[in-house]
Amino acid sequence: MRKAFKTCTDAYQFVLNTNVGEAVNAVKLGDPKFGETAMWDSGNEADSCMAAFPEGKVTGLVASRTSPLQGVANVADSMIRMLECWVED
């Protein structure tokens, strides 16, 4: 289980320290497609956290944090995709 928790820690740090900043900067610089990709990857990082645990062994705390991250990443991805349409018009 220790390895699974380390995987989650690394995934969350990557999302917070890299993906979020990349998405914000991409939108600010007028490249929403790159921001969309960063948010999509955040959802993948959440998936990798859950997958690190043996089947049926995901703790409630991890599950309660990972599901919202996936949701927020999906919403941000969709919002950035909408911005992408505006940039193209």
Side-chain angles (χ1 to χ4, degrees):
M1 293 281 266
R2 178 171 267 165
K3 184 178 178 184
F5 281 114
K6 174 77 170 115
T7 298
C8 288
T9 299
D10 292 346
Y12 278 88
Q13 286 179 341
F14 187 77
V15 167
L16 294 174
N17 296 331
T18 304
N19 287 354
V20 171
E22 284 181 357
V24 170
N25 286 335
V27 171
K28 285 182 179 179
L29 295 172
D31 188 6
K33 183 67 176 170
F34 193 70
E36 180 185 347
T37 301
M39 285 296 90
W40 179 78
D41 186 56
S42 296
N44 288 341
E45 294 294 335
D47 290 341
S48 73
C49 171
M50 296 290 279
F53 289 87
E55 191 169 331
K57 300 287 185 182
V58 177
T59 67
L61 181 61
V62 170
S64 70
R65 300 290 194 273
T66 303
S67 183
L69 174 59
Q70 290 167 321
V72 167
N74 289 339
V75 169
D77 178 17
S78 296
M79 292 173 72
I80 293 170
R81 192 175 312 120
M82 288 174 32
L83 289 174
E84 187 177 344
C85 293
W86 289 357
V87 169
E88 291 175 355
D89 286 343

- Task: Taking Asn74 for its side chain and Gln70 for its backbone only, find out whether a donor-acceptor pair lies under 3.5 Å.
- Result: yes
- Heavy-atom pair with the smallest gap, counting every atom of Leu69 and Ala46: CD2-CB, 3.7 Å
- Query: Measuring from Glu22:CD to Asp31:CG, what's the distance to the nearest 0.5 Å?
  - Reply: 11.0 Å
- Message: Quick one, Ser42 and Phe14 - any side-chain contact, counting heavy atoms below 4.5 Å?
- Response: no
- Query: Distance from Met50 atom CE to Cys8 atom SG, nearest 0.5 Å?
  - Reply: 8.0 Å
- Task: Using modelled atom types only, decide if a donor and an acceptor are shared between the side chain of Tyr12 and the backbone of Cys49 within a distance under 3.5 Å.
- Result: no
- Message: Would the distance check show the side chain of Ser64 and the main-chain N or O of Leu61 forming a donor-acceptor pair, the cut-off being under 3.5 Å?
- Response: yes
- Item | Side chain proximity check, Asp10 to Glu45, heavy atoms < 4.5 angstrom | no
- Minimum heavy-atom distance between Ala23 and Ile80, given as atom pair plus value: CB-CD1, 4.3 Å
- Message: Donor-acceptor check, side chain of Ser67 to backbone of Ala63, threshold 3.5 angstrom: yes or no?
- Response: no
- Item | Sidechain-backbone polar pair: Asn25 side chain, Gly21 backbone, donor-acceptor under 3.5 Å | yes
- Atom CZ of Phe34 with >12 non-hydrogen neighbours under 6.0 angstrom: no
- Query: Is Thr59 close to Met1 at the side-chain level, that is, under 4.5 Å between some pair of heavy atoms?
  - Reply: yes
- Item | Step-by-step side-chain contact (heavy atoms from CB on, under 4.5 Å) determination, Val20 to Met39 | CA-CA 7 Å; Val20 171; Met39 285 296 90; 4.3 Å; yes
- Message: Please give me the minimum heavy-atom distance between Ala26 and Gly35, naming the atom from each residue.
- Response: CB-N, 3.3 Å
